[in-house]
Amino acid sequence: MVSTPDEQQGHGGSATHDVTNQAPPLTPYDASDDTALLEGLRREGAGWAEEDLRRLGRQAGSAQAQEWADLANRHEPELRTHDRYGNRVDEVEFHPSWHHLMRTAIAEGLAASPWADDRPGAHVVRSAGGLVWGHTEAGHGCPTSMTYAAVPALRRQPELAKLYEPLLTSREYDPALREPTEKRGLLAGMGMTEKQGGSDVRTNTTAATPTAEPGVYTLRGHKWFTSAPMCDVFLVLVQAPGGLSCFLVPRVLPDGTRNTFRIQRLKDKLGNRSNASSEPEFDGTVAWLVGPEGQGVKTIIEMVNCTRLDCVMMSAALMRKSLVEAGHHARHRSAFGARLVDQPLMRNVLADLALESEAATTLTLRLAGAADRAIRGDEGEAAFRRIATAVGKYWVTKRGPAFTAEALECLGGNGYVEDSGMPRHYREAPLLSIWEGSGNVNALDVLRALSREPGAAEALFGELALARGADARLDAAVTRLGTGLSEASPTTARRLVEQMALTLQASLLVRHAPPAVADAFCATRLGGDWGHAFGTLPESAGLDAIVERALPGGGG
């Protein structure tokens, strides 16, 4: 008698499809289970928010929030230029998951609410929240970031700030498109670049024409990258009669009619696909002047400082999320007779990634602390913030793509498939280096700060001096950095800024991290005992201590 296939397979029914040696789902997990993050929160004067941060961490790591992130990226926003009757509407439609993510982010204070919070550390809390909620997905961080950054720029025009700031700082998400002052909360976007110049915004050709009403202009031109077009108001740079100027453009005018904001197309981007980036055309578009004519860059520069900090924060969040995914896989996958996490070379890779992640997180929180204190009038912190934010923006965002690629590789082929989520992290990583000025723009901005703002270098070296004598390799790096400043030129700007970033990160770790972390970072990033890829830490590095500190629940 010939047996049936079921009989051949035995009681399992489908024995060839039994799943073994695969990691279980990571969710649910606590995205705030990060020792370096919690230590930094307390150190930067925001420990009062720890309970809320832990609650947000559990929500970020929940199966529901992770599903929202996946669905928002699988179902991308769609542009609807006209309604069924042929009327121009210029609306962008999003999957419900996008709205769930936005509603949570705004309710948790990740948009502009810190500007309405007088408690010291409020801006640190927002950055820490971004590090945690960033474990979901990065696209919706764009409108929340710009809404946060719009407030200080808008304050250059007090009458406009009085009208719009209470709504921008609201914790209510109101996505409907209607007259701004009738809404429960507002989102702000930004339109700086044009196709002929990009970051060279002084070459903008969009023109502003004054009307009979003081402070009110009409605009005509085409913007190249404007995120995010579903926002309620936008800050844009336009050529006025007096030179490049900053303007506020509402989607809906005070009388309830639609302003001319023709969305020509949405960008088909490498990553950040849940978020809509657009090319709007202005043609008789009504706008209000923010700050004096001819001072557009000066007006909007505070907005840029805020969004650059968010680029650092988002890169650090992406690193941390990728490390958590890699560590989880390594704990549950076995090869060659042992769990991956117990294989010496994999442990080296994870430890090296952990060093990079902790350095990025620690620098992010230090920058957030500087921003919080600068906003409250600390001139020394303002000088440090000015140079260190540009340094951090250059370096941390540069490390993101290499980091996410290595973390993806820890999962092997499993990490290369979309279901793992790792390809989305990998596609997202390059954006943070490009957004708000690419590497060259930020490196040259550091040189500009050094030459035009004498207090910037003094503030940086004052910070580095706090760790003097604690590590000989760090002391030597500070000396080299001083020599490098005297020889700085545009050609060598990238190398100089890299040295600044590594020295600053090392000084923070020497002061605040455990000896195993600080020693390994200084030995490799400053002492040269390192290869050209992650996973090349020396034999002397305390791999176990580094991994156990980094991975949620310990490294084993």
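Being a predicted model, the structure only gives us computed values, none of them experimental.
Looking only at distances, no side-chain donor or acceptor of D33 sits under 3.5 Å from a matching main-chain atom of Y29. Judged by distance alone, with hydrogens and angles left aside, the side-chain atoms of E436 form no donor-acceptor pair with the main-chain N or O of V304 at under 3.5 Å. Not one N or O on the side chain of N442 forms a donor-acceptor pair closer than 3.5 Å with the backbone of V391. Distance alone, capped at 3.5 Å, is enough to place a donor-acceptor pair between the S507 side chain and the L504 backbone.
The shortest non-hydrogen separation linking P229 to V92 is CG-CG2, 3.9 Å. Nearest heavy atom pair, residue A287 against residue V249, reads CB-CG2, 3.8 Å. Contact record, V324 with L26: CG1-CD2, 3.9 Å, taken as the closest heavy-atom pair. Across every non-hydrogen atom of L508 and T362, the tightest pair is CB-CG2, 3.9 Å. Across S278 and I263, no two heavy atoms sit closer than the pair CB-CG2, 3.8 Å. The two residues A317 and G134 come nearest to each other via the heavy atoms CB-CA, 4.1 Å.
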Residues T361, L131; criterion side-chain contact (heavy atoms from CB on, under 4.5 Å); working and verdict: CA-CA 8 Å; T361 295; L131 288 167; 4.2 Å; yes
Under the side-chain contact (heavy atoms from CB on, under 4.5 Å) criterion, do N275 and R273 qualify, and how do the steps go? CA-CA 5 Å; N275 176 47; R273 300 187 73 89; over 6 Å; no
In sequence, state the C-alpha distance, the side-chain angles, and the governing distance for S245 and E293, and then conclude on side-chain hydrogen bond (donor to acceptor under 3.5 Å, both in side chains). CA-CA 5 Å; S245 306; E293 268 196 23; 5.1 Å; no
Step-by-step side-chain contact (heavy atoms from CB on, under 4.5 Å) determination, L187 to Y173: CA-CA 8 Å; L187 294 174; Y173 176 56; 4.1 Å; yes
Start with the C-alpha distance between R220 and D283, add both sets of side-chain angles, then the distance that settles salt bridge (charged side-chain N to carboxylate O under 4.0 Å, His left out), and finish with yes or no. CA-CA 4 Å; R220 190 170 191 276; D283 189 6; 3.5 Å; yes
Quick one, E325 with R320, criterion salt bridge (charged side-chain N to carboxylate O under 4.0 Å, His left out). Give me CA distance, side-chain angles, the key distance, then yes/no. CA-CA 9 Å; E325 294 277 7; R320 177 65 187 174; over 6 Å; no
Trace of the side-chain contact (heavy atoms from CB on, under 4.5 Å) decision for F225 with M192: CA-CA 8 Å; F225 267 99; M192 296 175 64; over 6 Å; no
Start with the C-alpha gap between E159 and Q157, add the side-chain angles, then the distance that decides, and say whether side-chain hydrogen bond (donor to acceptor under 3.5 Å, both in side chains) holds. CA-CA 6 Å; E159 65 274 17; Q157 205 70 34; 2.9 Å; yes
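Within the 4.5 Å cutoff, the side chain of L450 has heavy atoms near those of the M500 side chain. A 4.5 Å side-chain heavy-atom check between L186 and T147 finds every atom pair outside the cut-off. The closest side-chain heavy-atom distance from K269 to S277 is below 4.5 Å. Inter-residue side-chain proximity for E78 and L266 is flagged as unmet; no heavy-atom pair is nearer than 4.5 Å. In this structure the side chain of M230 never reaches within 4.5 angstrom of the side chain of P175, judged on heavy atoms. Between T226 and M190, every side-chain heavy-atom pair lies at or beyond the 4.5 Å cut-off. With a 4.5 Å cut-off on side-chain heavy atoms, E165 and R155 count as touching. Put simply, the side chain of L177 reaches to within 4.5 Å of the side chain of R251, judged on heavy atoms.
In the model, D30 has a side-chain atom that pairs as donor or acceptor with a side-chain atom of S32 under 3.5 Å. Checking T169 against S113 by side-chain atom types alone, no donor-acceptor pair falls below 3.5 Å. Of the N and O atoms on the side chains of H99 and W68, not one donor lies less than 3.5 Å from an acceptor on the other residue. At a cut-off of 3.5 Å, with distance as the only test, no side-chain donor of T203 or E194 sits close to an acceptor on the other residue. Under the 3.5 Å distance criterion, with hydrogens and angles disregarded, no donor-acceptor pair is assigned to the side chains of T206 and K223. H222 and Q264 share no donor-acceptor pair across their side chains, judged by distance under 3.5 Å alone. Between T181 and E179, the side chains place a donor N or O and an acceptor N or O closer than 3.5 Å (distance only, hydrogens not considered). Q66 and T27 share no side-chain donor-acceptor pair at under 3.5 Å. Side-chain atoms of E137 and S274 form a donor-acceptor pair, as typed in the model, at a separation below 3.5 Å.
Here R88 pairs with D90 in a salt bridge; the nearest charged N to carboxylate O distance falls below 4.0 Å. No salt bridge links E428 with R424; every basic N to acidic carboxylate O contact stays at or beyond 4.0 Å. Contact check on E172 versus R103 returns no salt bridge, with no Lys/Arg side-chain nitrogen under 4.0 Å from an Asp/Glu carboxylate oxygen. The pair E279-R265 meets the salt-bridge criterion, since a charged nitrogen lies less than 4.0 angstrom from a carboxylate oxygen. Between R308 and D445 there is a salt bridge, since a side-chain N of the basic residue sits under 4.0 Å from a carboxylate O of the acidic one. Of the charged side-chain nitrogens involved, none lies within less than 4.0 Å of a carboxylate oxygen, so that E50 and R55 do not count as a salt-bridged pair.
Results of the side chain to side chain contact (heavy atoms under 4.5 Å, CB included) test with T364 over D310, V124, V312 single out V312 as the only residue that passes. For the salt bridge (Lys or Arg N to Asp or Glu O under 4.0 Å) with E302, the lone residue among R385, R156, R386 that qualifies is R385.
Aromatic ring orientation, W98 versus F94: parallel (interplanar angle below 30°, classes split at 30° and 60°). F261 and F282 have tilted rings, their planes meeting at an angle from 30° to 60° on a 0 to 90° scale.
In the displayed structure, E379 atom CD is contacted under 6.0 Å by at most 12 heavy atoms of other residues, nucleotides or ligands. The environment of CZ in R202 is sparse: at most 12 heavy-atom neighbours from other residues, nucleotides or ligands sit within 6.0 Å.
The distance between the ring centers of W288 and Y217 does not fall below 6.0 angstrom.
Relative to the ring axis of F384, R366 places its NZ or CZ within 45° and under 6.0 Å from the centre. Cation-pi geometry between K393 and W435 is not met at under 6.0 angstrom from the ring centre and within 45 degrees of the axis.
Separating the CE atom in M319 from the OG1 atom in T404 is a distance of 8.5 Å, to the nearest 0.5 Å. Of the inter-residue distances, the one linking L289 atom CG with L160 atom CG reads 8.5 Å to the nearest 0.5 angstrom. The distance from atom OG of S97 to atom CG of D70, rounded to the nearest 0.5 Å, is 8.5 Å.
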